[in-house]
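Note sheet for the following structure.
To find a chain, count down the sequence lines: A is the first, B the second, and so on, and within it residues start at 1.
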There are 2 protein chains.
Amino acid sequence: MVDTDSDGRRPVFAAERRQRILELVRANGAVSLRELAQAVQSSEVTVRRDLRALESEGLLNRHHGGATLPGDLNREASYVQKVALSSAEKSAIADLAASLVEDGDAIVIGPGTTTQEFARRLTRHAELAVVTNSLLVAQALANSPRIEVMLTGGTLRGPILALVGSAAERSLAGLRVRRAFISGNGLTAERGLSTPNMQVACVDQALAAAAEEVVVLADHTKIGIDAMVQTVSAEQIDHLVTDDAAPRDVLDELSGKGVRLHVAQI
Amino acid sequence: MVDTDSDGRRPVFAAERRQRILELVRANGAVSLRELAQAVQSSEVTVRRDLRALESEGLLNRHHGGATLPGDLNREASYVQKVALSSAEKSAIADLAASLVEDGDAIVIGPGTTTQEFARRLTRHAELAVVTNSLLVAQALANSPRIEVMLTGGTLRGPILALVGSAAERSLAGLRVRRAFISGNGLTAERGLSTPNMQVACVDQALAAAAEEVVVLADHTKIGIDAMVQTVSAEQIDHLVTDDAAPRDVLDELSGKGVRLHVAQI
DNA sequence: AGAGATTGGATCAGATTCGTTCAAATCCGG
DNA sequence: CCGGATTTGAACGAATCTGATCCAATCTCT
């Protein structure tokens, strides 16, 4: 039975109906099943079938009670989930890196989720002096009375909560500490550590320059990757702390350039 | 939010509600369960379930009474501050002080729970340049792309998450902005604004010195109180933003010294 | 440190929604 | 004109969502 509508209109084809549903969802962002059924003059069962078909084509997302535009809700979620994914590796790397710190040390810590995790491990140490341009690192150490935390000045880069710019670099100029613990977005033997942002790269260089030894914290997802701007060359890196899923060949290359390897077992 | 159904009372999908919750937490840094339940028009039980789901995805952190941004940034500290101390007074004072800021301004903001609340109100403004020595203020503005945030350098004072010391003062030396918004622990006509900590006082002085006009944010519990170290004298204060429970006689005295009063009605 | 108050977790009940099966109607080819 | 295929709608059981309540856990204040 196809629509023996009282006023005798022609039957509405399924494709038309689905198009109509799609338009409604696109226009309103989110529409309930009931509204859709009423709008296209069909039963809820039929609309449900249409929604299932449209969802399988990726044209919308179904929810209890209706449908919404796709991608509306998951945009940033996927990023955060990705970050949370490699947390086991990050944690192991942070543990291993913390063993490179001794009581009484003066160190520099750069921004990044791994270095933040690393900073949390330092609260057990005594009489540390820590310089950082990362608000997250500073926060992680704020409640440790035996650790003196100094922040560089600078312009706040919102997404990563780190300080950049000439003021940040200037405040690191006269500084000299034992080790710098920094991270980045990619690490290869040819181009060393790299990040996609110029300002961040400049500050990372300044951080590395302030230390006698440079320690890079990088999980396996970053090894072999090359981002836009080089921060420190492989020759400048003294230690690399990573996890055992890192590609062996790249590690060997780095080792050949004088980088001492510390591989965390997951 | 395309929910302009007047008659519809379309059930809000769970995903929509969670998205809304996430936005609220991101916008405010920390939100209580009660506020969230009221904001999304659901029961606290439902919100609690949503928070649990969002936390499992790493999108926020749950705490007693509410939720905060992930990453420990404004961990329990700022959350407790908000819930316990975000009295109506602070909120009203922050609102009133925000009206003293215009688009395009360059301002300085000092540390304190009231100034932090004030900073949150600024996210609506465009093209602001903000200098602060408070990590909490910086964090409150971190997600506002149209606001340039600069932090002073300096040594981190853990309990209040502010930067102090000579480095902080030095980085303010060559600076000149229109207004400084600062707070303190006590305010009298005789001794002006005062705090119990010497280092904090020194930086507050530097903050005030960097601005053409000094605006003090102080709720009634601080008016008439005198703390150990004077930061700025009453004569240096151009504006006072307070609430209507402040003792009238002190206000009159301050007014006599040239302080313009802005009294928030609770 | 303990009492009171607040908050969180778990279970249960009510309601809504979803999926599936089945019957009826239409379209098409013969 | 008739039978198969497809589509639509109805009905029923299953799953999900929401909110209330009770009890344990946590926090605050004295």
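Among C:dG9, C:dG8, C:dT20, the nucleotide with an atom closest to any side-chain atom of B:Arg52 is C:dG9. Picking from D:dG19, C:dG9, D:dA11 the nucleotide with the shortest atom distance to the side chain of B:Ser43 gives D:dG19. Comparing D:dG9, C:dG8, D:dG19 by their nearest atom to the side chain of A:Val45 picks out D:dG9.
Taking five base pairs at each end of the helix from C:dA1-D:dT30 to C:dG30-D:dC1, the local helix axes there meet at an angle of 40°, rounded to 10°.
Ring geometry, B:His262 versus B:His239: the interplanar angle falls from 30° to 60°, so the pair is classed tilted.
Within a 6.0 Å radius of CD in A:Glu23, other residues, nucleotides and ligands contribute more than 12 heavy atoms.
At least one donor-acceptor pair closer than 3.5 Å links the side chain of A:His125 to the backbone N or O of A:Val101.
The residue B:Arg62 sits close only to the backbone: its heavy atoms come under 4.0 Å of sugar-phosphate atoms, none of a base.
Remark: B:Thr46 is in phosphate contact with D:dG19, judged by side-chain N or O atoms under 4.0 Å from OP1 or OP2. Remark: B:Arg17 is in phosphate contact with D:dT18, judged by side-chain N or O atoms under 4.0 Å from OP1 or OP2.
Atom-to-atom, CZ of B:Arg48 to P of C:dA10 comes out at 11 Å; the value is rounded to the nearest Å. Separating the CG atom of A:Leu51 from the P atom of D:dT8 is a distance of 13 Å, rounded to the nearest angstrom.
With sequence neighbours left out, the salt bridge (charged side-chain N to carboxylate O under 4.0 Å, His left out) criterion links B:Arg157 to no other residue.
Both A:Arg49 and A:Arg34 lie close to DNA chain C; mapped to their nearest nucleotides by heavy-atom distance, the more 5′-ward contact belongs to A:Arg34.
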